Undergrad: 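Following this message is one structure expressed as structure tokens.
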Amino acid sequence: PGDAEAGELGLAAVPGREAAFRQGLAAAVQYARAVGCHRIHVMAGRVPLGADRAAVAGEMETTFTENLRYAADLLAQENMIGLVEPINNRITDPRYYLNTPHQAAAILDKVGRPNLKLQLDLFHCQIMDGNLSRNLHTYFPLIGHIQIAQVPGRHEPDSPGELNFPYIFELLESLGYTGYVGCEYAPKGDTLEGLGWLRSYWESRGLQHGGTSKAAE
């Protein structure tokens, strides 16, 4: 993520921070190797303070593209996947460079590395674009990880909000998604109590707690 105290949130698209990006990536690879994690979020970073987004967009895209190619080649040696995540700039982070799946897909296409994927956080996607069903269909071949949170509160998926998560989960299954779904939300209370939505979802699908089939039991 770079230097949080200096206001950084990733370095991959930040001109002039290439050396620090490479150092951070090397450290991330060491940690990932140690814990057996095969996916690393390559954070784009923020538009420099005081800069006009449109004025620096071209330079930032060039920096991002070059750093992603470097990251992809390094991660390929470790049999790892790099992930890029669009973060909404309407609520969460006005200065974050990568904001929409459309922008991410265009950059991934330009970079042209098979071990770089889209980390699609449905909270950010809904805020920036909505149209989740179509976007999941459109970008499914690029998706390497899914994250969820209810909109607008960013709490548990069964909290009041805009998104119908049982429908979304079934859509992901129908598309053939077999990866993890990350609970990228802030629990309204106790973490374990907040996971009651998952137990209820399993029961609605005829599954035991833990996702095993009652028939198999």
Side-chain angles (χ1 to χ4, degrees), residues 1-46 60 63-87 92-93 96-98 101 104-105 107-108 111-125 139-149 154-157 169 172 176-187 190-195 197-199 202 209-212:
D3 185 351
E5 292 185 4
E8 292 180 331
L9 189 67
L11 298 172
V14 182
R17 296 287 278 145
E18 291 85 351
F21 167 74
R22 293 187 178 198
Q23 291 174 357
L25 179 66
V29 167
Q30 282 189 309
Y31 287 126
R33 188 192 300 129
V35 300
C37 178
H38 298 284
R39 286 170 169 76
I40 292 179
H41 177 194
V42 184
M43 302 186 76
R46 290 171 167 145
M60 292 192 74
T63 301
F64 199 23
T65 301
E66 292 174 354
N67 278 334
L68 285 175
R69 287 182 179 139
Y70 173 87
D73 293 343
L74 179 65
L75 294 174
Q77 298 173 23
E78 303 285 341
N79 196 29
M80 293 178 183
I81 290 172
L83 301 168
V84 297
E85 178 190 10
I87 295 176
T92 301
D93 199 311
Y96 201 75
Y97 168 72
L98 188 66
I107 289 172
L108 289 175
V111 173
R113 293 290 195 277
N115 67 324
L116 292 181
K117 298 288 185 179
L118 174 64
Q119 178 170 303
L120 192 65
D121 187 319
L122 301 186
F123 173 82
H124 298 303
C125 188
Y139 298 112
F140 187 75
L142 295 177
I143 292 175
H145 186 54
I146 294 282
Q147 292 179 324
I148 59 169
R154 206 168 189 179
H155 299 307
E156 290 89 342
F169 294 150
L172 286 170
Y177 183 69
T178 58
Y180 287 105
V181 174
C183 297
E184 182 83 349
Y185 60 75
D190 176 76
T191 298
L192 290 178
E193 182 182 336
L195 286 169
W197 69 267
L198 182 56
R199 291 188 288 272
W202 281 335
H209 296 171
T212 58

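Predicted model only: the values in this text are computed from it and were never measured. For the numbers below, each heavy atom of this structure counts, side chains included, while hydrogens, waters and symmetry mates do not.
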Undergrad: Looking at every non-hydrogen atom in both residues, tell me the closest pair between A72 and N115 and how far apart they are.
TA: O-ND2, 2.9 Å

Undergrad: Minimum heavy-atom separation for A12 and V42, please, with both atom names.
TA: CB-CG1, 3.9 Å

Undergrad: Say you draw a straight line from OH of Y180 to CZ of R39; how long is it, rounded to the nearest 0.5 Å?
TA: 9.0 Å

Undergrad: State, to 0.1 Å, how close L98 and V84 come at their nearest heavy-atom pair, and which atoms those are.
TA: CD2-CB, 3.9 Å

Undergrad: Please evaluate residues R154 and T92 with respect to the criterion side chain to side chain contact (heavy atoms under 4.5 Å, CB included), reporting the C-alpha separation (whole Å), side-chain torsions for both, the decisive distance (0.1 Å), and the verdict.
TA: CA-CA 10 Å; R154 206 168 189 179; T92 301; 3.9 Å; yes

Undergrad: Would you give the length of the straight line joining atom CG of D121 to atom CG of L83, rounded to the nearest 0.5 angstrom?
TA: 12.0 Å

Undergrad: L118 versus P86: any side-chain heavy-atom pair under 4.5 Å?
TA: yes

Undergrad: From H124 NE2 over to E85 CD, what is the distance, rounded to the nearest 0.5 angstrom?
TA: 4.5 Å

Undergrad: Using the side-chain hydrogen bond (donor to acceptor under 3.5 Å, both in side chains) criterion, which residues pair with R33? Sequence neighbours excluded.
TA: E78

Undergrad: Looking at residues at least two apart in the chain, or sitting in another chain, which of them share a salt bridge (Lys or Arg N to Asp or Glu O under 4.0 Å) with E8?
TA: R17

Undergrad: Which value, rounded to the nearest 0.5 Å, describes the distance between I143 atom CD1 and L120 atom CG?
TA: 5.0 Å

Undergrad: Apply side chain to side chain contact (heavy atoms under 4.5 Å, CB included) to the pair C125 and Y139, showing each step before the final yes or no.
TA: CA-CA 12 Å; C125 188; Y139 298 112; over 6 Å; no

Undergrad: How about Q147 and F123: do any of their side-chain heavy atoms sit closer than 4.5 Å?
TA: no

Undergrad: Which pair of heavy atoms, one from Y96 and one from L9, lies closest together, and at what distance?
TA: CE1-O, 3.3 Å

Undergrad: If you measure from CG on L25 to CG on L75, what distance do you get to the nearest 0.5 Å?
TA: 5.5 Å

Undergrad: Give a yes or no on whether N79 atom CG has more than 12 heavy-atom contacts from other residues, nucleotides or ligands under 6.0 Å away.
TA: no

Undergrad: Are Y31 and I40 close enough that some pair of their side-chain heavy atoms sits under 4.5 Å apart?
TA: no

Undergrad: Quick one: list whatever passes salt bridge (Lys or Arg N to Asp or Glu O under 4.0 Å) with R113, sequence neighbours left out.
TA: D73

Undergrad: For residues Y185 and W197, report the shortest heavy-atom separation together with the two atoms involved.
TA: OH-NE1, 3.0 Å

Undergrad: Side chain of H155, backbone of A186: donor and acceptor closer than 3.5 Å?
TA: yes

Undergrad: Rounded to the nearest 0.5 Å, how far does OH of Y97 lie from CE of M60?
TA: 6.5 Å

Undergrad: Decide yes or no on side chain to side chain contact (heavy atoms under 4.5 Å, CB included) for F64 and V111, but give the supporting numbers first.
TA: CA-CA 9 Å; F64 199 23; V111 173; over 6 Å; no

Undergrad: Under the side chain to side chain contact (heavy atoms under 4.5 Å, CB included) rule, what do H145 and K117 come out as? Steps first, then yes or no, please.
TA: CA-CA 8 Å; H145 186 54; K117 298 288 185 179; over 6 Å; no

